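Below is one structure, written out as structure tokens; the observations come after it.
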There are 2 protein chains.
Amino acid sequence: MWTAGHFGLCAFVHNYLPWQVLATLTPGLISVPLSRANDVTRRGIPEATVARLPIYHRVLTQLVEAGIATVSSEELAAASGVTSAKLRKDLSHLGSYGTRGVGYDTTYLVFQIARELGLTLDWPVVIVGIGNLGHALANYGGFASRGFRVVGLLDADPTRVGEKIAAGRDGETVEVRAMNDLETVVIEGGAVIGVIATPAGAAQGVCDRLVAAGVTSILNFAPAVLTTSAGVDVRKVDLATELQILAFHEQRKHADRQVRA
Amino acid sequence: MWTAGHFGLCAFVHNYLPWQVLATLTPGLISVPLSRANDVTRRGIPEATVARLPIYHRVLTQLVEAGIATVSSEELAAASGVTSAKLRKDLSHLGSYGTRGVGYDTTYLVFQIARELGLTLDWPVVIVGIGNLGHALANYGGFASRGFRVVGLLDADPTRVGEKIAAGRDGETVEVRAMNDLETVVIEGGAVIGVIATPAGAAQGVCDRLVAAGVTSILNFAPAVLTTSAGVDVRKVDLATELQILAFHEQRKHADRQVRA
DNA sequence: AGATGTGAACCAATTCACAGCA
DNA sequence: TGCTGTGAATTGGTTCACATCT
């Protein structure tokens with residue numbers, strides 16, 4: 001039997017931003033306030049900015065491919081769907097990579113952003129749950145080109161195990177493994193990032209096993225709130241939620257129309 | 001040939017929040033500041049709150065199904081992965097639906113949230129681009145139960161046209177139609193919400209056609225910045241972006257580890 | 001000249017702490 | 001007594017406007 005109290009126990013999640021958590025865990029470091037203040041100028045990039053850097057990176061990559069050597073903040077901002085002030089403030093957190101009176105060198109800037117985001121490194125990723133969504137993720141072209149390498153695909157359905165799926169853009173395939181192999185796959189592949197694309201009911205169990213095996217960042221597509229230990233980053237993408245937010249605004253539009261009439 | 005100027009022209013996007021835009025468009029209404037202030041107390045729910053209501057709705061639905069009649073803010077917050085203060089502030093924007101000293105009636109609250117989100121209405125949706133992702137979206141169970149009805153599936157690949165896909169949870173199927181039929185499908189289905197799951201290159205064209213056919217809310221999975229006229233809501237879900245944000249934090253963790261060592 | 005980089009002002013969101021009610 | 005609902009304080013993010021540099 002469920003009770004409210006029991007249910008309440010089951011979840012305590014920090015959904016993102018482990019900065020404070022990490023600071024708290026750092027043992028006996030008195031200079032934390034100072035070092036954080038230093039962070040803000042030299043390393044600590046605002047979360048909102050981090051969330052936009054991938055967009056700038058993609059747009060800049062297109063510009064470089066199109067052979068454009070220089071952009072102004074105005075142009076880059078327009079192509080990224082933000083205001084130029086916001087763009088300049090964002091880039092200022094990385095350093096002074098522009099030239100006054102001229103603009104930004106696209107090649108140089110795209111590299112600086114890539115470095116800041118860690119895209120110059122190799123990130124082994126495992127994907128758990130190979131339904132339509134898992135499939136879509138596995139052969140999503142955008143991963144390989146940005147340093148993400150699919151080192152493992154796992155599914156609970158025995159009929160799916162053994163299937164070979166194209167992962168990455170250059171025709172490599174990865175074989176679907178059984179759930180039992182989860183720990184092996186994570187450890188052998190050296191994965192620190194895990195993607196959960198299972199049904200909601202299975203998500204927490206998978207999450208626990210991933211973390212136990214060494215994963216420290218999780219992207220969760222299952223419509224469930226995940227509980228993890230501190231130090232593990234969890235990001236959530238919920239398809240239904242996104243539609244519901246749209247529906248809310250849609251409803252407001254209709255209400256407005258009625259009020260006006 | 002591309003020039004920076006040309007490229008810069010191609011995109012100006014308001015990514016969300018058409019409040020100010022709408023206010024600006026409202027013709028000759030001098031009381032706008034006042035009416036907005038009124039909005040904030042009576043109807044205007046903060047965007048951050050709206051984004052969390054779907055989570056509360058899902059968790060509450062589970063509680064109701066589990067036969068739990070009452071929850072405290074503490075319990076509901078824990079199960080939703082937020083703090084209790086945040087939860088109470090969020091709910092306070094909807095009205096006073098709790099009982100001091102007791103908590104919230106789950107059945108009553110779930111209905112109030114559903115009403116606020118417009119989930120008690122019927123939202124016809126079209127999905128464009130039936131690759132793996134489009135497939136996953138089409139037969140995602142969470143839609144039907146929340147008032148979303150898939151009235152159209154469209155794909156540019158002629159070999160895919162005619163395929164019947166399970167959409168919604170009760171085994172109904174919807175047939176994939178050709179791109180030419182886009183306008184017909186949108187208008188006949190009465191769709192106001194469109195989902196774009198095409199490759200990046202096709203996204204803007206599809207977006208324009210959807211908007212021209214009457215769609216006013218778009219959920220975009222293509223890694224491209226969309227330009228739309230004011231009054232159209234665009235939300236973006238970018239799989240690569242999410243992973244890149246995780247990679248950033250992951251890199252930071254490793255940097256920290258090195259500093260400590 | 002012309003565009004960046006940035007302090008200052010502004011606005012939104014979160015957290016605190018407690019008054020008010022069942 | 002216990003939990004909601006909410007002003008007040010704080011933190012984080014955006015916008016403005018201009019000093020600064022090529």
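The sequence lines fix the lettering, A, B, ..., with proteins before strands; numbering per chain opens at 1. Because only heavy atoms are used, hydrogens play no part in the values below, and waters and symmetry mates are left out as well, while side chains stay in. On a predicted model such as this, the values are computed, not experimentally measured, just so you know.
- The aromatic rings of H254(A) and W123(B) sit parallel to each other, their planes meeting at less than 30°, with 60° as the upper class boundary.
- Spacing between atom OH of Y97(A) and atom C1' of dT4(C) amounts to 15 Å, rounded to whole angstrom units.
- Each of G101(A) and K86(A) lies near DNA chain D, and the nucleotide nearest K86(A) is the one positioned closer to the 5' end.
- Across dT4(D), dT15(D), dG5(C), the shortest atom-to-atom separation from the side chain of S72(B) is found for dT4(D).
- Closest to the S92(B) side chain, of the nucleotides dG5(D), dT4(C), dG5(C), is dG5(D).
- Nearest nucleotide to the side chain of A48(A), out of dG5(D), dG13(D), dT4(C): dG13(D).
- For the side-chain contact (heavy atoms from CB on, under 4.5 Å) test with I196(B), the passing option among L219(B), V234(B), L226(B) is L226(B); the others fail.
- Heavy-atom distances to DNA chain D give each of R88(A) and L91(B) a nearest nucleotide, and the one nearer the 5′ end belongs to L91(B).
- The interatomic distance linking L76(B) (CG) with dC3(D) (P) rounds to 14 Å, in whole Å.
- Atom CG of L87(B) and atom C1' of dC16(C) are 16 Å apart (whole Å).
- Residue Q112(B) holds its CD atom at 11.5 Å from CG of L60(B), rounded to the nearest 0.5 Å.
- Taking atom NE2 of H93(A) as the reference point, atom C1' of dG7(C) lies 13 Å away to the nearest angstrom.
- R100(A) contributes no side-chain N or O that forms a donor-acceptor pair with the base of dT22(D) under 3.5 Å.
- Across all strands shown, T83(A) has heavy atoms under 4.0 Å from sugar-phosphate atoms exclusively, and none from any base.
- Between the CD atom of E74(A) and the P atom of dG2(C) there is a distance of 14 Å, given to the nearest Å.
- Here S73(A) reaches the OP1 or OP2 of dT4(C): one of its side-chain N or O atoms lies under 4.0 Å away.
- Rounded to whole angstrom, the span from the CG atom of L53(A) across to the P atom of dG13(D) amounts to 13 Å.
- One interatomic measurement links the two molecules: CG of L109(B) to P of dC3(D), which rounds to 17 Å at whole-angstrom precision.
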CA sep, side-chain torsions, deciding dist, call: E47(B), H249(A), side-chain hydrogen bond (donor to acceptor under 3.5 Å, both in side chains)
CA-CA 10 Å; E47(B) 191 59 26; H249(A) 292 303; 3.2 Å; yes
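- The separation between Y56(A) atom OH and dT4(C) atom C1' is 15 Å, rounded to whole Å.
- The phosphate of dT22(D) (OP1 or OP2) has no side-chain N or O of Y104(A) nearer than 4.0 angstrom.
- Atom CD of E116(B) is separated from atom OG1 of T49(B) by 10.5 Å, given to the nearest 0.5 angstrom.
- Each of dA13(C), dG7(D), dT4(D) was ranked by its minimum atom distance to the side chain of K89(B); first place goes to dG7(D).
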